[in-house]
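Here the structure comes first, spelled out in structure tokens, and everything after it is commentary.
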Amino acid sequence: MSSSPPLLLLSLSFLLLLLLPFSAISAPVTLQLSRHPLPSHPDPLHRLASLASASALRASLLKNRHRHASPRPSRSPLFPHSYGGYSLTLAFGNPPQQIPLLLDTGSHLTWVPCTSSYQCRRCSSPSAAPITPFLPKSSASTRLVGCRNPRCLWIHSPDLLLSRCPACNSTSADGCPATACPPYAIIYGSGSTAGLLMLETLALPGRTVPDVTVGCSVFSERQPAGVAGFGRGAPSLPSQLGLKRFSYCLISRRYDDEAAESGSVVLDPAKEDSSDGLRFTTFLNNPAAGADEGSPFSVYYYIGLREIAVGGKKVRVPRSALVPSPSGDGGAIVDSGTTFTYMAPPVFEPVLAAFVDRVAHRYNRSADMEARTGLRPCFAPPPDATEVDLPELTFRFKGGAEMRLPLENYFVFAGPDRAAVCLTIVSDGDGAASSDVAGGPAIILGNFQQQDYYMVYDLEKGRLGFRRQSCLGS
């Protein structure tokens with residue numbers, strides 16, 4: 001990593017000069033949800049390995065409560081996308097400027113590439129679309145978040161603001177706008193971003209929302225797209241918009257080469273229940289999040305996963321992996337920004353063993369494909385096989401809801417002429433499992449496993465609903 005906090009803050013020195021001159025949804029809003037372009041590479045195995053590596057890296061970031069380098073890191077959990085995510089386009093400013101952002105239920109601060117001087121190092125690839133930054137000078141509604149504005153506390157601690165914000169007697173809602181909220185500089189394993197908080201108008205179909213808090217990032221590294229934060233917490237878009245619920249439907253990755261196809265995200269969709277084919281499970285709270293207001297674990301949507309079954313048979317995994325402990329470790333979360341589902345070794349190793357046990361008599365394992373993709377297990381069907389026979393993977397949740405995944409949501413063909421099929425679940429280390437679960441969520445349900453599922457985040461009732469359906473044009 002070539003960046004450092006001083007370099008990022010130095011890159012922000014001119015941002016104030018660029019910005020200082022500028023001064024609850026009643027009906028469902030449907031937005032198009034597209035697959036974020038994958039980086040181009042002639043070798044499909046390389047692309048698959050990149051997705052596996054990025055999924056494991058994102059999991060390590062979501063699990064690490066000390067992952068950021070800003071003064072109050074846990075208050076602004078921004079994460080690198082996995083290049084297997086889904087993006088929507090939002091319109092900020094007056095007049096509105098269209099900005100594509102990655103949908104992320106694992107973070108709660110929305111930020112955009114910002115200003116005509118925006119820099120993004122190591123963000124280009126042959127297939128990447130040009131980065132379109134938001135231009136504050138072209139908007140009549142841009143305002144900086146002031147140093148004493150309560151929203152500044154979303155990314156900085158009170159102690160920092162006392163030391164860096166001058167005394168101010170203003171009762172303005174802007175919170176001393178002449179002195180900007182200190183810049184954020186956030187660094188993580190595969191990238192970084194830095195900028196200032198601003199208040200901006202968000203234009204939605206049929207509604208305009210003033211004074212939405214958005215990060216104006218002027219410098220990023222390996223972070224080519226902005227983020228739409230749909231996690232829990234005050235900075236999130238659902239919270240700022242006063243949503244009672246939101247939903248999305250993720251189009252299958254088999255349509256990656258068909259740019260015209262898309263799914264959707266709906267803000268405040270109509271109420272639905274089990275009579276509509278939905279299965280519900282309640283959201284859980286991480287005990288550590290209650291003890292620490294700034295804990296990153298307070299951002300995640302924890303769900304009550306009771307059992308994992310392979311081929312209809314329950315897999316024995318430690319209970320400590322399924323339920324968050326007082327220290328915050330363990331439990332399962334659902335995340336739109338992770339590509340392949342992550343399982344900590346105490347969960348993954350028994351699941352892997354169950355697949356191997358049920359498939360070993362039919363197909364040989366392919367050590368070569370496992371080494372080249374980073375996925376385990378990979379099986380090699382006979383060359384003349386017209387179809388593969390693999391056991392079903394089922395997640396069973398608190399309340400009786402079951403997610404019985406179709407085969408294409410957890411196995412993928414790999415190699416020339418579909419030489420192997422590989423399980424699209426990632427884990428840590430070299431396979432040496434222990435009974436201990438350390439470092440945040442033990443299971444992260446990724447978007448690959450959510451393909452062609454209608455997912456409803458019912459914030460009013462504190463529950464997740466889902467049903468399997470085609471997401472094409474939904």
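Residue numbers run from 1 in the order of the sequence given. Note: hydrogens, waters and symmetry copies are ignored here, and every other heavy atom, side chains too, is used.
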Donor-acceptor check, side chain of [X] to backbone of [Y], threshold 3.5 angstrom: yes or no?
X: S34; Y: S262; result: no
X: N286; Y: A288; result: yes
X: E200; Y: F92; result: no
X: N94; Y: S141; result: no
X: T341; Y: I425; result: no
X: S60; Y: L57; result: yes
X: S50; Y: H46; result: yes
X: T373; Y: A49; result: no
X: D458; Y: L464; result: no
X: T208; Y: A203; result: no

Search all heavy atoms of [X] against all heavy atoms of [Y] and return the closest pair with its distance.
X: P133; Y: Q97; answer: O-OE1, 4.2 Å
X: V227; Y: S107; answer: CG1-OG, 3.6 Å
X: R396; Y: L305; answer: O-CD1, 3.4 Å
X: V351; Y: M343; answer: CG2-SD, 4.0 Å
X: T115; Y: L135; answer: C-CD2, 3.8 Å
X: D329; Y: G440; answer: OD1-N, 2.9 Å

Assess, by modelled atom type and distance only, whether the side chains of Y86 and Q450 contain a donor and an acceptor separated by less than 3.5 Å.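 No, because no side-chain N or O of Y86 sits under 3.5 Å from a partner of the opposite role on Q450.
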Between T105 and I333, is any pair of side-chain heavy atoms under 4.5 Å apart?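 Heavy-atom side-chain distance check fails, nothing below 4.5 Å.
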If you define the side chain from C-beta out and look only at heavy atoms, does anything of L278 sit under 4.5 Å from D273?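 With C-beta onward as the side chain, the pair stays apart.
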Quick one: pull up [atom1] in [X] and [atom2] in [Y] and give me the separation to the nearest 0.5 Å.
X: R468; Y: L405; atom1: CZ; atom2: CG; answer: 8.5 Å
X: L102; Y: L33; atom1: CG; atom2: CG; answer: 10.0 Å
X: L445; Y: T338; atom1: CG; atom2: OG1; answer: 9.5 Å
X: L237; Y: L109; atom1: CG; atom2: CG; answer: 9.0 Å
X: L31; Y: S87; atom1: CG; atom2: OG; answer: 11.5 Å

Start with the C-alpha gap between K398 and L322, add the side-chain angles, then the distance that decides, and say whether side-chain contact (heavy atoms from CB on, under 4.5 Å) holds. CA-CA 11 Å; K398 183 178 179 181; L322 303 180; over 6 Å; no
Would you check, one step at a time, whether the test side-chain contact (heavy atoms from CB on, under 4.5 Å) holds for D428 with F348? CA-CA 9 Å; D428 304 309; F348 178 72; over 6 Å; no
Taking only residues two or more places apart in sequence, or in another chain, which ones meet R279 in a side chain to side chain contact (heavy atoms under 4.5 Å, CB included)?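 If we apply the side chain to side chain contact (heavy atoms under 4.5 Å, CB included) test to R279, skipping adjacent residues, the hits are A401, F466.
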Start with the C-alpha distance between T89 and L101, add both sets of side-chain angles, then the distance that settles side-chain contact (heavy atoms from CB on, under 4.5 Å), and finish with yes or no. CA-CA 6 Å; T89 297; L101 301 172; over 6 Å; no
For the side chain to side chain donor-acceptor pair (under 3.5 Å) test, which of Y457, Y453, Y454 pairs with Y248?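 Among the candidates, only Y457 passes.
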Taking the ring centre of each residue, are Y118 and F134 less than 6.0 Å apart?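 No, the ring of Y118 stays outside the 6.0 Å limit from the ring of F134, centre to centre.
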Salt-bridge criterion met for [X] and [Y] (N-O under 4.0 Å):
X: D211; Y: R143; result: yes
X: R58; Y: D104; result: yes
X: E221; Y: R121; result: no

Please output the side-chain donor-acceptor pairs of residues 238-245 that fall under 3.5 Å, not counting sequence neighbours, one pair per line with the distance.
| from | atom 1 | to | atom 2 | distance (Å) |
| --- | --- | --- | --- | --- |
| Q240 | OE1 | T213 | N | 2.8 |
| Q240 | NE2 | T213 | O | 3.2 |
| Q240 | NE2 | P235 | O | 2.8 |
| R245 | NH1 | P269 | O | 3.0 |
| R245 | NH2 | E460 | OE1 | 3.1 |

Cystine candidate C471-C249, SG separation under 2.5 Å: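 Yes.
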Would you say C181 and C147 have SG atoms less than 2.5 angstrom apart?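 Their SG atoms do not fall under 2.5 Å; no disulfide, then.
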Sequence neighbours excluded, which residues qualify as side chain to side chain donor-acceptor pair (under 3.5 Å) partners of T281?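 Listed in chain order: nothing, the list is empty.
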For the pair L375 and V426, evaluate side-chain contact (heavy atoms from CB on, under 4.5 Å) and give the outcome as yes or no after the intermediate values. CA-CA 7 Å; L375 297 171; V426 298; 4.1 Å; yes
